[in-house]
Amino acid sequence: MTIRGKIWKFGNDVDTDVIIPARYLNTSDVKELASHCMEDADPEFARKIARGDIIAAGSNFGCGSSREHAPIAIKEAGISLVIAESFARIFYRNAFNIGLPILELPQAGGAIAQGDDVEVDIETGSITDHTTGLQYQANPIPPFMRELLTAGGLVPYVASRAARTTRR
Amino acid sequence: MPMTIAEKILAAHSGRDDVKPGELVEADLDFVFANDITGPMAIRVFNKAGGKMVFDPQRVALIPDHFVPNKDIPSAIQAKEIREFARQQKLPHYFEVGRMGIEHVLLPEQGLVLPGDVIIGADSHTCTYGALGAFSTGVGSTDLGAAMVTGTTWFRVPESMRFIFSGKLNRWVSGKDLILYTIGRIGVDGARYRAMEFCGPVIEGMQMSDRFTICNMAIEAGAKVGIIAPDAITESYVKNRARRPYRFFSSDPDARYEATYDWDITQMEPQVACPHSPANVHKVSELKDIAIDQAVIGSCTNGRIEDLRVAAKILRGRKVSSTTRCIILPGSPDVYRQALAEGLLQIFIDAEAAVSTPTCGPCLGGYMGVLAAGERAVSTTNRNFIGRMGHVKSEVYLASPAVAAASAVAGRIAHPDEVL
């Protein structure tokens, strides 16, 4: 699977309150959440991006709250992929669970720039920056997480096992 | 194989003799819960995943604490969703307004989360229960919804980091100051994906409320869990509360740690995290003339009776500054009742502070103390990200109840000794 889009660049420690401010957590309507995506970093973000665009950021992307509203807001706003130097633990898990592809790349905070035209092969982790002509290799997604993505996220994965409903 | 306390608990819950950092395990869960923000999404996942009944109604809790008592109509709808699910599933541990407390104050107090447990909650501060010697971590709504079906979830076994505190605590220095200091030293991703194990003579001498505060903010350093080995202090807290059997684990003397920090805190003074990062930590004496519009005392970090007693010591016989609002939120009905019995609420009201029913409201800019542009708060809560308590141009300084109460009186960030 290949993704190609324009880069929207952010720094280190992008927290969940910036991704989706808590004042909007009185709803779980995904369109409403998407319309406020990254609002406290860039009030126009949700209106400026095109479907398929890519976020690139530094380290510890998605730190803070466990709110799944954060990856949902990014995905529903039309962002196809987040590339960061590293991700906060809960965000990493939530992104896979709701089907937002994310890749870890040491150069994501540096060499890849705002507005670059970037193409990514999700299977291999190969990244091409067509603006600079540079190529990168992202840390491969752990096999267990690829299984989750293949199943289409955690919900279908669990549904297949729901027959054995109770453990105790 | 020698193991840390975190590794031992995971091994015991995944049918293994031992586990190593980096391994993926599927663990049985002792307790799972969600709140009014994360619960509705988790319930949707539960239904979509084909869930009929939760895996064990005794081990599932729903706590409407964030925007409840309902702050607006959408919040009322979310609260209604989890209430109806709790009724339909006949969940004994649903806490209605009046019985509801802030989840991380309430659940340990009610004896529902216990030493040796593996716990997940759809709230990042679920790491609080590590103070009991549990492996407890925050997850998103999908993980929580799935766990309500199966009673299990998968974990990557985290590397452990050890934080040893020795020396003698100065007056007005508390668990909050130790954890702010720690985050200031290692940064907001200094323990990313790690288990933070807190130990040493200072921790061993600490009451449970300080231990809860320390483990509560492990997530602010990026950790998966914060954890403290249970001891006699844990036992005396748990023994008359526990609703089921529990088990004490401890790290082997030769367990492996990715890093060990050994800090003598004898010279430590109260710490304050300045905007806009919990790692932007300074000594309170370094902060001169920082006027504040609001002081908030409460939250899952510092909303326990011990925290209110400290605030009352400072507010007794004094008034909140005429340029400052002070809002105090007891963390649970039991805390509220105890504060009433001890006369603390009278002290607060006489000091002209506002006392609220338990809610997370102000901590995340929900309600009950939202900040306008240009306003500044000192708060005993856990995050000071941009816009956390309101407008993007507002500021939050994180501190202990002692510093927050002193600052409320002074109208600026102050050391308790300055107002006493």
Side-chain angles (χ1 to χ4, degrees), chain A residues 12-18 21-29 32 39-41 43 59-61 63-72 85-99 142-145 148 153-168, chain B residues 24 28 37-38 40-41 44-45 48-53 55-56 59 66-67 71-75 77-78 121-126 137-143 145-146 149-152 154 156 158 188-189 192-193 219-220 222-224 277 279 364-366 370 383 385-388 390 392:
Chain A
N12 294 333
D13 304 321
V14 172
D15 63 72
T16 51
D17 281 80
V18 162
R23 57 185 177 277
Y24 303 119
L25 298 185
N26 57 5
T27 179
S28 46
D29 178 86
E32 178 71 14
E39 184 174 293
D40 284 359
S59 60
N60 203 29
F61 187 90
C63 63
S65 154
S66 66
R67 63 188 70 154
E68 206 160 285
H69 312 63
I72 288 173
E85 287 174 24
S86 63
F87 291 89
R89 184 191 67 80
I90 306 175
F91 184 91
Y92 183 91
R93 210 173 156 126
N94 287 347
F96 279 94
N97 282 344
I98 63 110
F144 187 86
M145 306 301 285
L148 272 186
L154 192 64
V155 171
Y157 178 75
V158 170
S160 69
R161 306 167 67 198
R164 353 179 221 131
T165 308
T166 46
R167 169 164 63 84
R168 290 181 173 87
Chain B
L24 294 173
D28 289 344
I37 303 286
T38 58
M41 273 190 190
R44 243 163 278 163
V45 168
K48 272 197 216 161
K52 298 284 181 284
M53 297 295 288
F55 73 101
D56 181 348
R59 293 173 185 269
H66 276 56
F67 292 165
K71 83 181 179 86
D72 52 23
I73 292 168
S75 302
I77 293 168
Q78 296 198 133
D123 187 278
S124 60
H125 293 106
T126 302
T137 194
V139 297
S141 296
T142 298
D143 276 323
V149 178
T150 63
T152 65
W154 64 269
R156 178 187 171 282
V188 290
D189 67 347
R192 201 167 48 86
Y193 277 73
I219 180 68
E220 263 51 77
K224 183 177 216 148
S277 167
L364 71 166
V370 175
R383 290 192 178 130
F385 301 149
I386 290 169
R388 174 71 179 183
V392 279

Engineer: Could you pull out all residues at least two apart from B/R156 that satisfy side chain to side chain contact (heavy atoms under 4.5 Å, CB included)?
Structural biologist: B/L24, B/E159, B/Y193, B/K224
Engineer: For A/S65 versus B/S124, what's the shortest heavy-atom pair and its separation?
Structural biologist: CA-OG, 3.6 Å
Engineer: Checking the side chain of B/R388 only, and the main-chain atoms of A/A22 only, is there a donor and an acceptor separated by less than 3.5 Å?
Structural biologist: no
Engineer: Decide whether B/R44 and A/S28 meet the rule of one side-chain donor and one side-chain acceptor closer than 3.5 Å.
Structural biologist: yes
Engineer: Considering only heavy atoms from C-beta outward, does the side chain of B/P158 approach that of A/R89 to under 4.5 Å?
Structural biologist: no
Engineer: Do A/R93 and B/D143 sit within salt-bridge range, that is, some charged N less than 4.0 Å from a carboxylate O?
Structural biologist: yes
Engineer: Rounded to the nearest 0.5 Å, how far apart are CD1 of A/I72 and OG of B/S141?
Structural biologist: 7.0 Å
Engineer: Taking all non-hydrogen atoms of both residues, which atom of A/S66 and which atom of B/A122 are closest, and how far apart?
Structural biologist: OG-C, 3.6 Å
Engineer: Does the side-chain hydrogen bond (donor to acceptor under 3.5 Å, both in side chains) test come out yes or no for B/R192 and A/S59, once each step is laid out?
Structural biologist: CA-CA 10 Å; B/R192 201 167 48 86; A/S59 60; over 6 Å; no
Engineer: Which of the residues A/D13, A/D40, A/D15 is involved in the greatest number of heavy-atom pairs with chain B at under 4.5 angstrom?
Structural biologist: A/D15
Engineer: To the nearest 0.5 Å, tell me how far A/N97 CG sits from B/T142 OG1.
Structural biologist: 5.0 Å
Engineer: Is it true that a side-chain atom of B/Q78 and a backbone atom of A/L25 form a donor plus acceptor pair closer than 3.5 Å?
Structural biologist: yes
Engineer: Quick check against the 3.5 Å criterion: does A/N94 have a side-chain atom that pairs as donor or acceptor with the backbone of B/G140?
Structural biologist: yes
Engineer: When rounded to the nearest 0.5 angstrom, what is the spacing between CE in B/M41 and CD1 in A/I98?
Structural biologist: 9.0 Å
Engineer: Measure B/I219 against the heavy atoms of chain A and call it side chain, backbone, both or neither at under 4.5 Å.
Structural biologist: side chain
Engineer: Just so I understand: if I count every heavy-atom pair under 4.5 Å between each of B/V188, B/T126, B/I73, B/T38 and chain A, which residue has the most?
Structural biologist: B/V188
Engineer: Would you mind checking which part of A/F87 comes under 4.5 Å of any heavy atom in chain B, side chain (CB onward), backbone (N, CA, C, O), both or neither?
Structural biologist: backbone
Engineer: Rounded to the nearest 0.5 Å, what separates atom CG in A/D17 from atom CG in B/L364?
Structural biologist: 7.0 Å
Engineer: Quick one: does A/H69's side chain get under 4.5 Å of B/I37's, heavy atoms only?
Structural biologist: yes
Engineer: Could you report the tightest heavy-atom contact between B/A146 and A/L154, atom names first, then the distance?
Structural biologist: CB-CD2, 3.8 Å
